[in-house]
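Heavy atoms only: backbone and side chains are in, while hydrogens, waters and symmetry mates are out. Nothing fancy with the numbering, it's 1 onward along the sequence.
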Amino acid sequence: SDVGSQEERVVTEEEWLQKWEMGNIGFHKEQVHPLLQKYLDVLLNGRNGLRIFFPLCGKAVEMKWLADMGHSVVGVEVSEQAVKEFFSEHSLPYCEEPVPEISGAKMFQSTSGNISLYCCSIYDLSSSIVGKFHGVWDRGALVAVNPRDRQRYASLMINLVEKNSSYLLVTVSYDPNKHKGPPFYVPESEIKSLFG
């Protein structure tokens with residue numbers, strides 16, 4: 001198979017939390033991603049004040065960048081450390097509250113109200129909790145999801161977006177027999193079968 005030995009690979013929530021604790025976050029970028037800048041028009045499609053979703057957001061700088069343009073940003077991240085670092089690194093005041101529908105989950109919201117980050121497993125979210133989105137910036141989420149969970153992930157994403165939404169997805173291309181991931185290799189054929 002063209003996914004090599006990755007199919008059975010599983011990275012646990014604990015391993016992700018450990019990456020944050022150890023500062024082993026080479027996936028985090030300090031600059032707005034050049035592909036988001038290049039395809040921003042595709043994401044926005046001439047619209048203002050969009051609700052944009054960041055799956056497995058970490059402390060992505062693009063969240064503040066888009067919020068500063070007047071969009072409403074919602075992210076989900078399992079690491080509370082990552083979420084708190086996002087707010088502190090951008091000097092953004094925030095409040096923290098429990099999410100009644102999800103045991104142990106918290107929602108961190110900028111006091112301006114335009115950035116809401118959920119600290120929980122992405123699979124605990126649903127449109128009844130977070131609503132629907134006009135756009136998704138998926139840089140490092142699909143490629144971080146365990147290969148066996150991709151169908152579940154894609155189904156959730158499809159459920160979270162409005163009919164005329166834009167979904168920007170960044171993947172990486174390499175020989176999956178030479179690297180165990182993450183980031184995982186997701187062939188284009190699989191992206192088409194997941195998202196249609």
Side-chain angles (χ1 to χ4, degrees), residues 6 9-33 36 51-68 71-127 129-131 133 135-150 152-154 156-157 160 168-172 179-184 186:
Q6 292 185 349
R9 175 108 162 90
V10 173
V11 182
T12 65
E13 206 170 275
E14 288 67 34
E15 287 175 84
W16 284 112
L17 293 172
Q18 206 167 24
K19 285 178 186 289
W20 281 100
E21 283 165 30
M22 306 298 286
N24 181 11
I25 54 168
F27 47 82
H28 174 71
K29 303 293 177 229
E30 296 291 341
Q31 303 295 322
V32 172
H33 199 288
L36 180 56
R51 291 190 83 232
I52 300 172
F53 186 57
F54 279 69
L56 314 186
C57 63
K59 56 179 183 174
V61 298
E62 293 89 348
M63 295 189 290
K64 180 166 188 316
W65 188 66
L66 285 166
D68 287 347
H71 303 290
S72 178
V73 170
V74 176
V76 62
E77 170 56 50
V78 76
S79 167
E80 186 170 323
Q81 177 183 338
V83 170
K84 287 181 171 174
E85 284 179 12
F86 169 79
F87 286 107
S88 72
E89 288 172 11
H90 294 283
S91 304
L92 290 172
Y94 65 92
C95 56
E96 176 185 327
E97 55 190 59
V99 181
E101 304 91 334
I102 307 170
S103 173
K106 295 178 185 173
M107 196 259 289
F108 296 80
Q109 188 172 51
S110 61
T111 50
S112 56
N114 59 350
I115 302 175
S116 304
L117 305 184
Y118 287 79
C119 186
C120 61
S121 164
I122 190 166
Y123 303 114
D124 289 334
L125 292 184
S126 65
S127 57
I129 298 169
V130 294
F133 298 96
V136 176
W137 171 239
D138 185 335
R139 199 284 304 173
L142 179 64
V143 296
V145 168
N146 291 320
R148 68 178 191 194
D149 294 328
R150 280 184 195 146
R152 182 180 180 198
Y153 173 84
L156 172 64
M157 293 286 100
L160 290 178
L168 291 189
L169 171 66
V170 179
T171 61
V172 285
H179 177 67
K180 64 180 185 172
F184 295 110
V186 186

Kindly indicate whether the side chain of Asp138, heavy atoms from C-beta on, has any atom under 4.5 Å from the side chain of Val170. no
Looking only at heavy atoms, the pair that brings Leu56 and Ala144 closest together is CD1-CB, 4.2 Å
Closest heavy-atom pair and its distance - Leu160, Ser127: CD2-N, 3.5 Å
Does Gln109 use its side chain to pair, donor to acceptor, with the backbone of Cys95 at less than 3.5 Å? no
Kindly indicate, with the supporting measurements, whether the criterion side chain to side chain contact (heavy atoms under 4.5 Å, CB included) is fulfilled by Leu142 and Leu169. CA-CA 8 Å; Leu142 179 64; Leu169 171 66; 3.8 Å; yes
Nearest heavy-atom approach of Met63 to Ile115 is O-CD1, 4.3 Å
Apply the test side-chain hydrogen bond (donor to acceptor under 3.5 Å, both in side chains) to residues Glu85 and Gln81: give CA-CA distance (whole Å), side-chain angles for both, the deciding distance (0.1 Å), then the verdict. CA-CA 6 Å; Glu85 284 179 12; Gln81 177 183 338; 2.9 Å; yes
Does Ile102 offer a backbone N or O that forms a donor-acceptor pair with the side chain of Asp124 under 3.5 Å? no
Go through the steps for Lys106 and Val99 under the test side chain to side chain contact (heavy atoms under 4.5 Å, CB included), then give the verdict. CA-CA 5 Å; Lys106 295 178 185 173; Val99 181; 5.6 Å; no
Would you give the length of the straight line joining atom CD1 of Ile52 to atom CG of Asn114, rounded to the nearest 0.5 angstrom? 11.0 Å
Tell me every residue that passes side-chain contact (heavy atoms from CB on, under 4.5 Å) with Lys19, counting only those two or more places apart in sequence or in another chain. Trp16, Asn24, Phe27
Between Arg9 (side chain) and Gly181 (backbone), is there a donor-acceptor pair under 3.5 Å? yes
Side chain to side chain contact (heavy atoms under 4.5 Å, CB included) between Glu77 and Trp20, worked out: CA-CA 11 Å; Glu77 170 56 50; Trp20 281 100; 3.7 Å; yes
Evaluate the side-chain proximity of Glu62 to Lys29: yes if any heavy-atom separation is below 4.5 Å, no if none is. no
Looking only at non-hydrogen atoms, find the nearest pair between Ile122 and Pro55 and report the distance. CD1-CB, 3.7 Å
Are Leu92 and Lys64 packed together at the side-chain level, in the sense that at least one heavy-atom pair is separated by less than 4.5 angstrom? yes
Any heavy-atom pair between the side chains of Val74 and Tyr118 that's under 4.5 Å? yes
Mark yes when over 12 heavy atoms from residues, nucleotides or ligands other than Gln31 sit less than 6.0 Å from its CD; otherwise mark no. no
Looking only at heavy atoms, which two atoms of Val11 and Phe184 are closest? And how far apart? CG2-CZ, 4.0 Å
Any side-chain heavy atom of Ser116 within less than 4.5 Å of one from Phe108? no
Check for me whether Arg152 meets the cation-pi criterion with Tyr123, that is, NZ or CZ under 6.0 Å from the six-membered ring centre and within 45 degrees of the ring axis. yes
Quick check: closest heavy atoms across His28 and Val61, and the distance to 0.1 Å? CE1-CG1, 4.4 Å
Spacing of SG belonging to Cys119 relative to CD belonging to Glu80, to within rounding of 0.5 Å: 5.0 Å
Between Cys120 and the options Ile129, Val78, Leu125, the side-chain contact (heavy atoms from CB on, under 4.5 Å) test singles out Leu125
So, do Phe54 and Leu66 sit near enough that their side-chain heavy atoms are less than 4.5 Å apart? yes
Arg148 side chain reached by Val10 side chain, heavy atoms, under 4.5 Å: yes
Quick one: does Arg139's side chain get under 4.5 Å of Leu36's, heavy atoms only? no
Output for pair (Ser79 OG, Phe86 CZ), nearest 0.5 Å, gives 14.0 Å
Is a side-chain donor-acceptor pair under 3.5 Å present for Glu15 with Thr12? yes
Glu89 vs Lys59, salt bridge (charged side-chain N to carboxylate O under 4.0 Å, His left out): CA-CA, chis, key distance, verdict: CA-CA 9 Å; Glu89 288 172 11; Lys59 56 179 183 174; 2.7 Å; yes
